[in-house]
Amino acid sequence: MNTGVKITAFAAALAATFGTAYGVGKGVGPVEEPKKAEHAGHAAQDPQKEGGDGHAGHEEGATAAPAPDLPGGLQVSQDGYTLALETPTPAVGRSTLKFSIKDAAGKKVTAFTTEHGKELHFIVASRDLNTFRHLHPVKAADGTWSVDADLPAAGGYKAFADFKPAAKGARGVTLGADLAVPGAYAPKPLPAVAPTANVDGYQVRLGSVLDPGRAGELKLTVTRAGKPVTDLEPYLGAYGHLVALRDGDLAYLHVHPNEGGPGPDVSFTATAPSAGTYRLFLDFQHEGKVRTAAFTVKAGATGGAPAPATSGTGEAGHGAGEHAHG
């Protein structure tokens with residue numbers, strides 16, 4: 001897309017829900033031209049119809065009535081599709097995660113629409129939002145997906161599958177399912193609100209805030225050793241990706257980009273569906289490596305501008321996020 005896709009303001013009746021859309025940012029403007037129609041489940045699945053990614057048709061002819069409007073990623077089944085985890089209790093450390101997407105007839109879906117270079121995007125986050133993994137699994141011929149992931153501690157995690165089936169009339173959907181890593185669980189506190197995150201010698205500054213119920217710009221600036229990074233590299237067809245998770249229920253949001261070049265500014269338009277605390281994860285690539293900067297932000301009367309202090313990120317590999325590819 002040559003122009004940014006704006007996430008519009010939520011209708012008042014839906015102000016407490018997320019829309020889901022896979023995102024890349026300004027200053028992170030996309031570097032390839034994905035069709036707008038390809039984002040029917042990301043762009044069309046906007047905050048006004050969040051979670052309502054009704055599919056007109058499903059693989060193998062299976063059909064189902066559209067699900068009611070609900071936050072993205074909070075349902076394991078939606079619109080006739082189900083995220084079926086084959087490894088719901090992985091071990092601490094490096095584990096292979098396996099799963100499939102099943103249609104309303106219980107058959108594994110094998111045909112998907114490629115978006116941002118992948119047929120399916122897979123996110124794993126710990127319930128305390130200190131660990132974040134953006135993974136790229138491999139699909140077997142029978143529709144089983146697998147990917148290695150580093151899960152550093154015991155406790156609760158949530159897996160999100162973001163995809164659009166290739167079935168005629170299908171729209172994108174984000175499904176969520178719980179993972180439980182056995183062992184002694186010691187949850188970490190949510191990292192403090194702060195305007196900067198330091199990742200592998202890079203500093204990323206968040207220069208704006210979220211306003212609940214109103215669309216606004218989230219602008220992030222990438223620097224290294226005090227100098228702006230103006231040569232960010234394409235990653236999955238764009239210069240950056242942003243995921244937001246709401247603290248408490250892990251409602252999930254991918255936001256689309258505003259227009260721009262390869263840094264240092266990365267800009268997105270997003271709407272917080274409600275007042276509260278959110279965790280933002282920005283993926284960016286430079287010198288051949290993907291890194292993730294993580295921020296804790298507040299939206300609403302208790303939010304305001306980020307505190308004037310630097311901050312590290314939660315555990316998330318590469319300084320903030322792990323990116324596993326098949």
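With contacts defined as side-chain heavy-atom distances shorter than 4.5 Å, the pair Pro264/Thr230 qualifies. Using a 4.5 Å heavy-atom cutoff, the side chains of Leu151 and Pro90 are in contact. Inter-residue side-chain proximity for Thr131 and Pro152 is flagged as met; some heavy-atom pair is nearer than 4.5 Å. With contacts defined as side-chain heavy-atom distances shorter than 4.5 Å, the pair Thr196/Val204 does not qualify. Side-chain contact between Tyr278 and Phe295: absent, with no pair of heavy atoms (C-beta onward) separated by less than 4.5 Å. Asn130 places a side-chain heavy atom less than 4.5 Å from the side chain of Pro191. Annotation: side chain of His134 is in contact with side chain of Tyr235 (closest heavy-atom distance under 4.5 Å).
Salt bridge annotation for Asp128-Lys188: absent, with no cationic side-chain nitrogen under 4.0 angstrom from a carboxylate oxygen. Taking 4.0 Å as the cut-off between side-chain N and carboxylate O, Lys289 and Asp200 count as a salt-bridged pair. Using a 4.0 Å cut-off between charged side-chain N and carboxylate O, Lys219 and Asp265 make a salt bridge. With respect to Glu287 and Arg224, a salt bridge is recorded, a charged nitrogen being found less than 4.0 Å from a carboxylate O.
Taking CZ of Phe268 as the reference point, atom CG of Leu218 lies at 8.0 Å (rounded to 0.5 Å). Atom-to-atom distance recorded for Tyr81:OH and Gln75:CD is 15.0 Å, nearest 0.5 angstrom. One finds the CG atom of Leu135 at 7.0 Å from the CG atom of Leu97 (value rounded to the nearest 0.5 Å). In this structure, OG on Ser100 lies 8.0 Å from CG on Leu83, to the nearest 0.5 angstrom. Here the straight-line distance linking atom CD of Glu86 with atom OG of Ser146 works out to 9.5 Å at 0.5 Å rounding.
No donor-acceptor distance shorter than 3.5 angstrom exists from the side chain of Thr110 to the backbone of Gly143, with no hydrogens or angles considered. Of the possible donor and acceptor atoms, none in the side chain of Arg279 sits under 3.5 Å from a partner among the backbone N and O of Ala244.
Both Phe132 and Leu190 are part of a single hydrophobic cluster, where members link through side-chain heavy atoms under 4.5 Å apart.
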Assess whether side chain to side chain donor-acceptor pair (under 3.5 Å) is satisfied between Arg246 and Thr277, documenting all intermediate values.
CA-CA 6 Å; Arg246 184 169 57 191; Thr277 304; over 6 Å; no
Practice task
I would like to know whether Phe112 and Trp145 meet ring pair (Phe, Tyr, Trp, His ring centres under 6.0 Å); could you show each step before the answer?
Solution key: CA-CA 12 Å; Phe112 298 83; Trp145 296 84; 5.6 Å; yes
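Centroid-to-centroid, the aromatic rings of Phe122 and Phe99 come within less than 6.0 Å. Taking the six-membered ring for Trp and the full ring otherwise, the centers of Tyr202 and Phe284 sit less than 6.0 Å from each other.
Taking Lys158 as the reference, Leu74, Arg127, Phe160, Asp178, Leu250 meet the side chain to side chain contact (heavy atoms under 4.5 Å, CB included) condition, with sequence neighbours excluded. In this structure Ala153 satisfies the side chain to side chain contact (heavy atoms under 4.5 Å, CB included) test together with Tyr157, sequence neighbours excluded.
Here the rule is side-chain contact (heavy atoms from CB on, under 4.5 Å) with Leu120, and of Ile101, Thr114, Asp162 only Ile101 fits it. Just one of Lys139, His136, Lys164 meets the side-chain contact (heavy atoms from CB on, under 4.5 Å) condition when paired with Glu119; it is Lys139.
Judged purely by distance below 3.5 Å, without hydrogens or angles, the side chains of Asp142 and Thr144 pair a donor atom with an acceptor atom.
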